[in-house]
Chemist: 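Here's a structure for you.
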Protein chains: 2
Amino acid sequence: MSHTSGARQAQKQQTRRALLDAALHLLEGQNLSSLGVREVTREAGMSPAGFYRHFRDMADLGVTLVEESLASLHGMVLAVLAGPDEAEELIDRAVDVVAGHVREHRAHIRFLARERHGGVRPVREAIGAELARFADEVAAALADQPASAGWSAEDLLMLAELYVEHLVSTATAFLDVPEDRPELDLRISRVARRQLRLISVGRRHWRDS
Amino acid sequence: MSHTSGARQAQKQQTRRALLDAALHLLEGQNLSSLGVREVTREAGMSPAGFYRHFRDMADLGVTLVEESLASLHGMVLAVLAGPDEAEELIDRAVDVVAGHVREHRAHIRFLARERHGGVRPVREAIGAELARFADEVAAALADQPASAGWSAEDLLMLAELYVEHLVSTATAFLDVPEDRPELDLRISRVARRQLRLISVGRRHWRDS
DNA sequence: TCATTCAGTAAACAACTGTTTGCTGACTTT
DNA sequence: AAAGTCAGCAAACAGTTGTTTACTGAATGA
């Protein structure tokens with residue numbers, strides 16, 4: 001077994017990163033299914049053949065990007081859940097965290113939105129599976145809240161899925177804001193907060209049909 | 001001005017349709033940004049040059065597909081809204097209509113889901129603009145319901161956007177069901193109904209914070 | 001020090017791409 | 001019946017593509 005750190009491995013990781021960054025950059029303007037090996041290596045400043053020292057093919061690189069993107073997204077979900085239990089505060093915090101996350105990881109989030117239903121099967125499935133995992137985590141967190149007393153596991157999951165779906169759609173809404181109209185961010189935040197509040201009202205009155 | 005019907009125009013429309021169908025078929029497995037002119041004409045059984053008698057380029061064909069797809073989707077939205085006012089019935093009806101629509105227009109709906117955040121700007125924008133129009137229509141329909149008494153226009157729109165977003169995500173959930181697991185449709189319907197019910201509970205208790 | 005490993009390269013492969021050109025022949029108009 | 005229109009075609013254009021091959025030379029391990 002070879003060491004993972006050495007001048008050798010370090011160099012390799014560095015050009016691997018260059019490939020991933022080049023791909024991520026190019027993917028801001030196109031889909032993974034139209035991204036070419038030569039295109040990426042050209043952008044990364046290396047020869048086409050070098051690509052195959054790191055990835056089997058483009059779908060392989062895509063799956064790696066999914067893992068990266070979802071790792072940061074996962075951090076965000078945990079950050080939201082770790083907040084206060086009180087509904088109002090939690091909602092404000094959640095929307096702010098999403099807005100900040102999109103601002104700081106634009107390319108990754110765009111990639112996820114674009115490839116979630118995109119034309120590359122393994123990538124699509126990796127995203128779907130991970131979003132399902134998020135929903136499970138959210139459901140588990142909800143179960144710990146006092147407001148969930150008397151809720152069935154099934155209903156908790158359906159609520160969690162509603163939250164995750166809302167999170168995703170809010171994130172993509174932020175994404176679609178043109179660079180020159182940053183004031184739209186405020187409207188998105190306001191609407192998202194109200195929608196979450198409405199859902200939380202529904203949650204509070206769920207039992208008395 | 002030439003007649004729109006004549007043996008001439010009829011033939012033209014027919015091969016135009018063949019091109020659109022061929023594209024729609026190929027787009028089940030890839031993104032518009034990777035779809036080639038030659039690929040489409042080959043599938044449609046004609047020569048590459050013929051393509052340009054009908055479309056300026058692929059993005060142009062894509063926008064045409066958006067119009068088609070959204071026309072049928074629009075019909076669906078109207079069908080949902082035209083139902084009974086009573087919440088419970090309306091929810092059941094809405095979910096059934098979505099399920100049926102996805103079953104009957106799979107390729108169109110998949111295309112919309114795939115290109116909504118896809119890499120072809122004009123297509124993306126056409127979809128976004130039309131979804132916004134749907135939200136406006138839903139908001140207008142909501143305004144006519146007695147349950148909306150005392151609601152501001154802004155809140156009605158935020159509720160309508162929540163509904164539209166939920167409709168879209170339900171439709172894509174149906175899409176992702178593998179051909180050999182049709183029993184999953186039932187779970188999706190059940191969850192979607194409960195989520196809509198929860199939202200409608202929130203709506204009913206919205207005013208008393 | 002010397003042999004080995006291996007990330008990155010240059011070159012070549014056949015196959016593919018979008019688009020333009022001039023043409024043909026069936027339809028349409030006069 | 002003659003003249004005109006125009007959808008679809010074959011061929012050619014200059015590129016591009018993914019992938020394999022044999023190679024180089026610096027980092028590694030003995």
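A, B, ... follow the sequence lines: proteins, then strands. Residue 1 opens every chain.
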Chemist: Taking the nucleotide of DNA chain C with the nearest heavy atom to each, does B/Arg53 or B/Met58 sit closer to the 5' end?
Modeler: B/Met58
Chemist: I need the CZ-P distance between A/Phe55 and C/dG8, as an integer number of Å.
Modeler: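 Answer to the nearest Å: 11 Å.
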Chemist: How many Å lie between CZ on A/Phe51 and P on D/dG18, as a whole number?
Modeler: 9 Å
Chemist: Round to a whole Å and report the spacing from CG of B/Leu19 to C1' of D/dA7.
Modeler: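 B/Leu19 atom CG is separated from D/dA7 atom C1' by 12 Å.
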Chemist: Given the structure, check if the side chain of B/Arg8 and the base of D/dC6 hold any donor-acceptor pair shorter than 3.5 Å.
Modeler: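 Per atom types, the contact qualifies.
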Chemist: Under 3.5 Å, is there a donor-acceptor pair between the side chain of B/Glu39 and the main chain of B/Gly36?
Modeler: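 Yes; judged by distance alone, with no hydrogens or angles, the pair exists.
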Chemist: In whole angstroms, how far is the P atom of C/dT17 from the OH atom of B/Tyr52?
Modeler: 11 Å
Chemist: Quick one: do the B/His74 and B/Glu137 side chains pair a donor with an acceptor below 3.5 Å?
Modeler: yes
Chemist: So, does A/Arg124 use its side chain to make a donor-acceptor pair with the main chain of A/Glu115 at under 3.5 Å?
Modeler: no
Chemist: Whole angstrom is fine here: how far is it from CZ in A/Arg42 over to C1' in D/dG18?
Modeler: 13 Å
Chemist: Which of parallel (below 30°), tilted (30 to 60°) and perpendicular (above 60°) describes A/His108 and A/His105?
Modeler: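 The arrangement is tilted - the two ring planes meet at 30° to 60°.
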Chemist: Among D/dT21, D/dG8, D/dT19, which nucleotide has an atom closest to any side-chain atom of B/His54?
Modeler: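 Of D/dT21, D/dG8, D/dT19, D/dG8 is nearest to the side chain of B/His54.
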Chemist: For residues B/Arg203 and B/Ser148, is any side-chain donor paired with an opposing acceptor at under 3.5 Å?
Modeler: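 The criterion, which ignores hydrogens and geometry beyond distance, is satisfied for B/Ser148 and B/Arg203.
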Chemist: Whole Å only: how far is the CZ atom of B/Arg17 from the C1' atom of D/dA7?
Modeler: 18 Å
Chemist: According to a strict under-4.0 Å criterion, is B/Thr15 in side-chain N/O contact with OP1 or OP2 of D/dA7?
Modeler: no
Chemist: Can you identify which nucleotide, out of C/dT19, D/dT19, D/dA10, has its nearest atom closest to the A/Pro48 side chain?
Modeler: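 Comparing C/dT19, D/dT19, D/dA10 against the side chain of A/Pro48, the answer is D/dT19.
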Chemist: Rounded to whole Å, how long is the line connecting atom CZ of B/Arg38 with atom P of C/dC16?
Modeler: 10 Å
Chemist: Pick the closest DNA chain D nucleotide for B/Gly50 and for A/Arg56 by heavy atoms, then say which residue is nearer the 5' end.
Modeler: B/Gly50
Chemist: If you only use heavy atoms from C-beta on, which nucleotide in C/dG18, C/dC27, D/dC9 is closest to the side chain of B/Ser47?
Modeler: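 Taking heavy atoms from C-beta onward, the closest nucleotide is D/dC9.
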Chemist: Once you round it to whole Å, what is the distance between C1' of C/dA7 and CE of A/Met46?
Modeler: 8 Å
Chemist: Could you check which of D/dT28, D/dC9, C/dA7 has an atom nearest any side-chain atom of A/Lys12?
Modeler: C/dA7
Chemist: Hey, which of these two, A/Gln14 or B/Val37, hits DNA chain C nearer its 5' end, going by closest nucleotide?
Modeler: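 Comparing both residues, the 5'-ward one is A/Gln14.
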